[in-house]
Structures are given as structure tokens and as C-alpha cells.
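This is a predicted model, so every value here is computed, not measured. When a ligand or atom number is given, it counts from 1 through the structure's own listing order. All heavy atoms count here, side chains included; hydrogens, waters and symmetry mates do not.
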Amino acid sequence: MQPEVQARFGQIYQRPVVLKVENLCKYYHGHGEKKLALKDLNLDIHRREFVCVIGPSGCGKSTFSRIVAGLEPYDAGSVQVDNEQVIGPCRNRGMVFQGYTLFPWRTVKQNVMFGPQMNGADRDSAEKAALQWLELIGLEQYADAFPDQLSGGMKQRVAIARALVNEPKILLMDEPFGALDPHTRQKMQQHLLDIWRNIDITVIFVTHDMDEAILLADRIVVLKANPGELIETIEVPVARPRHPSQMNSPEFIAVRNHINQLVHGDDDIEVEPALAELPQIPRMTRVDDRVE
Ligand SMILES: Nc1ncnc2c1ncn2[C@@H]1O[C@H](COP(=O)(O)OP(=O)(O)OP(=O)(O)O)[C@@H](O)[C@H]1O
């Protein structure tokens, strides 16, 4: 690892721990059985760190982010934000999901005003805060538009503003760019890095995409499935500021190969049971020609 990258990690670990996860266990119950979705997860995330969570389908990425958001109960262990136990949703954690979760009947500005108003702000100060955040993400001219008048990337920018207006300590993002086309996705990654660089926020970002994780993260938490367990926390050795042109650098390629090996090294273990044995599709056409 280059000395300046190593020095950055030294600085990160000096900062206070904003999220402390100890021996976290989560079970789901269903179909007459008890399923261990997360097993003994331990993790410390430091203030203003950018952490990506990656792993195969069913490894518990979304479960983890929902637990930290306070949207999902857990069965054992402890989850603390700023030394306080997570017992439910709270404005110190903001969330952005893959699906566009804006209220369709509210304008862009009204969507962003929602959080402050729920927290007791009067209309004027909620509006002022909303406009400030819309300006920061460069969408102030769309303040009076409705979500269905926006592109997917714009909707996610509004969703980010709606989360940040509450001034959370932690921004939780679950596959936020998963539905975007590659070009928009790349622009959104740079936009998010720019936001993160300039405000006091810790980002926990769930993704399936290795390149996205390496491009964004300080550290990458790699989980395995059945049960969902932490295999390794990787310090990304790629220098900042990050840019897609670094994807061909030796460090980037080395991390990608390493994650690939961790996630797909032994497919028999990693595959979600529902995908392990795919059904034989019966032929349902009389047409004689073959498609392959
Ligand atoms: N509400 C639920 N009830 C029962 N089982 C659940 C529930 N939610 C998740 N699971 C199971 O828990 C495990 C972890 O699910 P989770 O959605 O957290 O994984 P994931 O890594 O986010 O998957 P993906 O990448 O496919 O979104 C899976 O085996 C899933 O089937």
C-alpha cells in the first residue's frame, strides 16, 4: 500500500467510532424454520468513513443496513450509533434505497421538507432547509417538479437530499444506483463522492458491484451467505480522489481479484439455496425452431 494511502487509514482510525456493531445476530422465521441471516457480526466504523458492504445474494447486506437504520429488530449482540443503542429509526441515520421512494404526490421541495416537518420544524424553516439541500445537489430549479417528471438519477439525488436534510451522522444506502444506466450510475458515484468529501457524513453503502465498491470505499466489508457472516474487511489501497480511470490500475485490479475470490471462490458454499438448484424449464412452445 502506498504510504499516503496508509497514512489516510491511520487518520481514519484516530477518528471516533460512529457505528459499533458487536456480536450481532439476526434470525428470520418462516416456512417452519429459523434462519440465521447474520451471525456474530463485529464492526467498527469511524466518523466520515466510507464503507461499502458487498457479498453474494442472501448474505444479509440489506438486513444489516435495515438493522442499522432501526427498521429491523435483531436477536443478539449490540448496535450503537454514537454510543447509543439502536432501538428504532432516528434522524441520526438517513436511508436511501434502490427503489425510488419519493412521495409521488409531493413536489421535490415538499419531499425534502418532509423530514424537518416531521421533526417539528415550521413550514418556513423546513422550506429553507429543503432549498439549501436542493441547491447543494444542484436541483433547486426542480423544486416545484413532481417525482415522475424526473429521471432516475435525479430522483436518487432528491432521495439523497431528503436523507441529508435531517443532518444524519450516518447515510445508509442500499443499492441506491442499482436501477440506473451505467453512464448515470458513474456520474452519481462521482456526485456522491463529492457530497461525502464536503459534508460531515459517514456513508455505509450496500452494493453488488465490486467496481462500485472499490471506487467508492475506504473499507469494504465482505460478507458470505448461509449464514451471513463477515469474511474480511478490506482496506482499499487505491489513492483518493478516485476516478473511473483508476479501474485499470494494478491496485484496483488486485482488490477486484481478491474480492472476486472471496465472494465467488467456492460457489457451492456461497450460492443462496433458492438459486443453487434452478428448475428445468418445461418447453412451452410448439414452434419448432431453436433459439440457440
Ligand atoms: N423478511 C424476511 N423473512 C424471512 N427471511 C428473510 C427476510 N428477509 C430476508 N430474509 C432472508 O435472510 C437472508 C438475507 O437476506 P438479505 O435480503 O439481507 O440479503 P442480501 O444480501 O441483501 O440479498 P440481495 O443481494 O439478494 O438483496 C436471505 O436468505 C433472505 O432470504
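- In this structure a side-chain-to-backbone donor-acceptor pair under 3.5 Å is present from Glu49 to His46.
- Inclusion of His29 in the set of residues having an N or O under 3.5 Å from an N or O of ligand 1 is not warranted.
- Of all the heavy atoms of Lys35, the ones lying under 4.0 Å from any atom of ligand 1 belong exclusively to the side chain.
- For the pair Arg162 and Phe103, the cation-pi test (distance below 6.0 Å, angle within 45°) is passed.
- Residue-to-ligand polar distances keep Ala37 apart from ligand 1: every N/O pair is separated by 3.5 Å or more.
- In the vicinity of Thr63, heavy-atom distances shorter than 4.0 Å reach the ligand 1 atoms 14 (C), 15 (O), 16 (P), 18 (O).
- Applying the 6.0 Å contact sphere to NE2 of His29 captures more than 12 heavy atoms from other residues, nucleotides or ligands.
- Residue-ligand proximity: Cys59 is placed with a non-hydrogen atom under 4.0 Å from ligand 1.
- Residue contacts with ligand 1, taken as heavy atom pairs separated by less than 4.0 Å, involve Pro56 solely via the backbone atoms N, CA, C and O.
- The salt bridge (Lys or Arg N to Asp or Glu O under 4.0 Å) test with Arg47 is passed by exactly one of Asp200, Asp218, Asp82: Asp200.
- When atom types are taken as modelled, the side chain of Arg93 and the backbone of Pro89 share no donor-acceptor pair closer than 3.5 angstrom.
- Taking the six-membered ring where the residue is Trp, Trp196 and Phe50 present perpendicular rings, their angle passing 60° and hence far from 30°.
- Inclusion of Ser62 in the set of residues having an N or O under 3.5 Å from an N or O of ligand 1 is warranted.
- Under the 4.0 angstrom criterion for non-hydrogen atoms, Gly60 is in contact with ligand 1.
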